[in-house]
Amino acid sequence: MKLRDASGKALKAQLLALPYAQGATPSQPWMDTTLGADERTRLLLGEMTQDEKFQMLRSYFGLGKDGGPLPEGAVGSAGFVPGVARLGIPAQQSADAGVGVTNPGGIRKGDFATAMPSGPSTASSWNPLIAYVGGATMGREAWQQRFNILLGGSVNLQRDPRNGRNFEYAGEDPLLGGVIVGESIRGIQSQHVISTMKHYALNDMETRRNFHSVQIGDQAMHESDLLAFEIAIELGKPGSAMCSYNKINGIYGCEHPYLMNQVLKQEWKFPGFVMSDWGGVHSGSKAALAGLDQQSAGEVFDATTFFDQPLRLAVAGGTVPQARLDDMVSRILRTMFLHGNFDNPPQHQPIDVEAGYAAAQRTVEEGSVLLRNEGNLLPLADSVKRIVIIGGHADKGVIGGGGSSMVGVTAKGTNAVPGVMPTTWPGPVIFHPSSPLEALRAERPDAQITYVDGRNPAAAARAAAQADVALVFATQWSAESVDLPDMQLPDQQDALISAVAKANPKTVVVLETNGPVRTPWLAQVPALLQAWYPGIRGGEGIAALLTGKVNPSGRLPVTWVVDESQLPRPHVPGLGFNPKQPAVDIFDFDIEGANVGYKWAAAKGLVPTFAFGHGLSYSSFAYENLQVSVEGQRVVASVDVRNTGARAGADVAQLYLKLPQGHTTPIRLVGFDKVNLQPGEQRRIRIEAEPKTLADFDPTAREWKIAAGTYQLQLGRNAAEPLQVVDVQLQDTVIR
Ligand code: BGC
């Protein structure tokens with residue numbers, strides 16, 4: 001697939017219509033906006049004292065140390081670097097994160113933001129424009145809340161459904177994840193806000209994240225997690241990257257010369273700066289020489305502020321050359337020039353609440369996945385007049401993930417269900433005030449819709465027996481810094497679903513989870529909708545999908561395994577909140593290597609509950625006449641897609657490459673296209689394969705190479721069932 005610009009011109013113009021300011025003065029020539037970022041940086045660097053340079057290299061915890069006052073000038077958020085007034089260098093104010101602008105504990109009185117749906121929701125849209133608009137919404141709101149850096153753009157691959165932070169990421173596939181996160185980054189940076197892509201790299205599990213090491217070979221890491229980063233960088237050009245807590249093959253992410261210096265900066269030519277994760281720094285000169293440019297909030301989270309006194313000594317003593325120090329500062333300043341931090345400084349303004357709602361709702365509507373719909377139970381027919389909604393606090397709101405990314409303060413207030421444990425870090429457990437019950441009542445005023453909390457399965461079953469349809473809402477909370485113990489829905493929700501389904505065969509389950517869970521009741525339940533963590537318009541979006549006002553078009557960005565036995569690591573000691581279990585210190589990612597998710601399933605002949613890419617519509621689509629043209633690394637498929645159903649809807653055509661024996665990976669997603677069609681409408685679409693997904697990474701030659709041979713291109717609606725296939729001959733080709 002050719003990586004392309006997803007934004008329309010009009011949208012871009014509207015989003016970019018921000019004031020321009022400031023010109024040069026003779027004493028500050030770097031303020032001349034007609035000069036390029038490199039030249040402005042050179043001019044400014046030449047004027048800086050050594051102290052002013054060092055000031056750039058460390059941020060302070062923007063929320064204050066040990067509950068004390070905020071650093072002077074800090075807006076109140078994750079990170080703060082004071083500016084240099086004498087030279088007109090603005091402060092760096094950074095806020096979390098990827099699902100909206102956070103306001104921890106409501107510290108910034110009066111500020112609120114749009115709680116966007118979680119990362120897998122955006123990824124499930126398979127729609128780059130959704131990701132771009134979501135990113136632009138967050139970027140805009142960050143800028144309006146006085147931030148010039150947003151710590152968003154998270155593209156760690158989902159290797160395990162138990163990873164506590166999957167809700168911040170974009171699924172298991174490097175192409176889909178890279179495109180979605182790349183577009184989100186582009187959206188953020190369209191608003192004069194730097195995006196920090198993270199967590200670099202392979203921070204794919206949270207258990208003992210500050211201590212564990214992931215073990216993985218060079219080729220495998222390039223063909224999996226690193227490829228996702230590479231694609232996201234190519235598309236989004238993030239100004240900054242955040243190195244991760246974990247070790248990779250025994251070396252901390254923030255002192256990894258191979259990952260930071262060689263791969264990121266030399267081979268990928270990343271011109272931006274690397275900041276550490278909060279508490280991810282273990283050395284001064286070692287980290288600086290490995291490629292770390294800025295230490296984040298070390299005075300609170302690290303053993304010491306390595307990038308202050310220790311680094312000053314190292315530079316004075318020549319261990320770290322002055323040239324490297326200047327490079328660190330230049331990378332930061334250049335990024336700030338490039339992304340408007342000097343010329344378009346943030347202005348404190350109220351956010352556009354309605355625009356935020358529109359972006360959030362569109363994402364839920366395109367990003368929720370209809371997994372099952374036997375007998376077309378959905379959309380709810382007009383004849384369905386008695387509906388009972390059960391469980392999940394669906395009368396009050398929708399659940400969100402915990403940790404630094406949690407958007408707790410919205411225009412509609414804070415937590416709709418306070419007091420659910422844990423109430424402290426990585427909690428509180430949050431329910432965004434967007435009630436599915438109220439939203440469904442608004443959509444279906446003709447129906448009698450009641451709510452039962454589900455704590456008593458027998459009472460819920462009795463209510464279900466009286467209804468035409470029962471809708472069970474099941475939730476699974478997940479958070480940063482801790483993995484889920486297993487794939488089971490917590491709090492006996494499986495028993496609740498079974499009891500309800502037994503009482504009423506017309507039972508629909510709506511899941512609000514971090515990712516795939518076990519579904520032991522599936523055969524009893526005709527309809528299943530995965531809504532992930534659906535954000536501040538979750539209730540409205542879910543209601544629109546259940547009633548058919550919106551036709552579902554989401555597709556899974558992950559493989560929905562049956563249970564843990566289908567994972568590369570079925571049993572991992574120490575997961576969850578159970579300190580009694582011995583904890584893991586090595587995650588052996590070499591087990592699956594680059595075969596993450598559907599590739600693992602294909603390699604092992606596993607049949608998951610739902611394949612990667614799966615998702616239903618209220619309409620149906622047909623493919624005909626797949627043709628493929630090959631010209632070196634340019635492989636283009638075209639196919640007729642027809643809406644054969646009675647409703648307008650969107651289909652996601654997915655192009656996979658089946659590799660011959662001898663490759664480490666049996667199958668890869670190489671391109672996709674989401675297409676909207678009216679009933680009966682047919683369109684010929686083109687999908688250009690992303691060249692790197694046709695190739696293997698050669699770690700010795702440091703190149704992506706297509707190996708000559710016969711390959712099969714498969715067009716389908718998921719990774720497991722090809723619908724149209726064509727054999728192609730590929731020649732030996734080095735990707736350029
Ligand atoms: C998280 C980062 C986050 C940072 C600042 C860390 O704990 O891993 O994703 O940006 O905190 O809040």
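Note that the numbering runs from 1 along the sequence shown for the chain. In each ligand, atom 1 is the first atom listed, and ligand 1 is the first ligand listed. Values reported hereafter were calculated over all heavy atoms of this structure, with side chains retained and with hydrogens, waters and symmetry mates removed.
- Which parts of ligand 1 touch E480 is read off a 4.0 Å heavy-atom cut-off, strictly below it: atoms 1 (C), 6 (C), 7 (O), 8 (O).
- Judged by a 6.0 Å distance limit and a 45° cone about the ring axis, R58 is positioned over the six-membered ring of Y60.
- For the pair D96/S404, a side-chain contact is recorded, criterion being any heavy-atom separation below 4.5 Å from C-beta on.
- Near S404, meaning under 4.0 Å from one of its heavy atoms, ligand 1 places the atoms 1 (C), 3 (C), 12 (O).
- Across D173, D204, D588, D590, a single residue satisfies salt bridge (charged side-chain N to carboxylate O under 4.0 Å, His left out) together with R159, and that is D204.
- The shortest N/O to N/O separation between W278 and ligand 1 does not fall below 3.5 Å.
- Taking every non-hydrogen atom of Y245 and a distance limit under 4.0 Å, the qualifying atoms of ligand 1 come out as 6 (C), 7 (O), 8 (O).
- Under 4.0 angstrom from ligand 1, there are no non-hydrogen atoms of M275.
- Nearest protein heavy-atom contact of atom 12 (O) of ligand 1 is D96 OD2, 2.5 Å.
- Those atoms of ligand 1 that come under 4.0 Å of a heavy atom in L151, given as number and element, are 10 (O).
- Close approach of ligand 1 to M242 is summarised as follows: ligand atoms under 4.0 Å from at least one heavy atom of the residue are 10 (O).
- Close contacts between ligand 1 and H199 involve ligand atoms 2 (C), 8 (O), 9 (O) [criterion: under 4.0 Å to a heavy atom].
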Inset, instruction - Give the intermediate values and the outcome of salt bridge (Lys or Arg N to Asp or Glu O under 4.0 Å) for residues R209 and E480. - result: CA-CA 10 Å; R209 62 179 178 172; E480 175 183 341; 3.0 Å; yes

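- Going from atom CG of L202 over to atom CZ of F589 covers 6.5 Å, rounded to the nearest 0.5 Å.
- With V274 as the fixed residue, the side-chain contact (heavy atoms from CB on, under 4.5 Å) test singles out one of Q294, M328, K265, R331: K265.
- Near R209, with a cut-off below 4.0 Å to any heavy atom, the atoms of ligand 1 are 7 (O), 8 (O).
- Residue contacts with ligand 1 leave out E168, since none of its heavy atoms falls under 4.0 Å from the ligand.
- Around the NZ atom of K286, the shell of radius 6.0 Å holds no more than 12 heavy atoms that belong to other residues, nucleotides or ligands.
- Cation-pi geometry between R208 and F211 is met: the NZ or CZ atom falls under 6.0 Å from the ring centre, inside 45° of the normal.
- Less than 4.0 angstrom separates some heavy atom of K198 from each of these atoms of ligand 1: 2 (C), 3 (C), 9 (O), 10 (O).
- At least one side-chain heavy atom of I351 sits less than 4.5 Å from a side-chain heavy atom of Q145.
- With respect to atom 6 (C) of ligand 1, the closest heavy atom belonging to the protein is D277 OD1, 2.9 Å.
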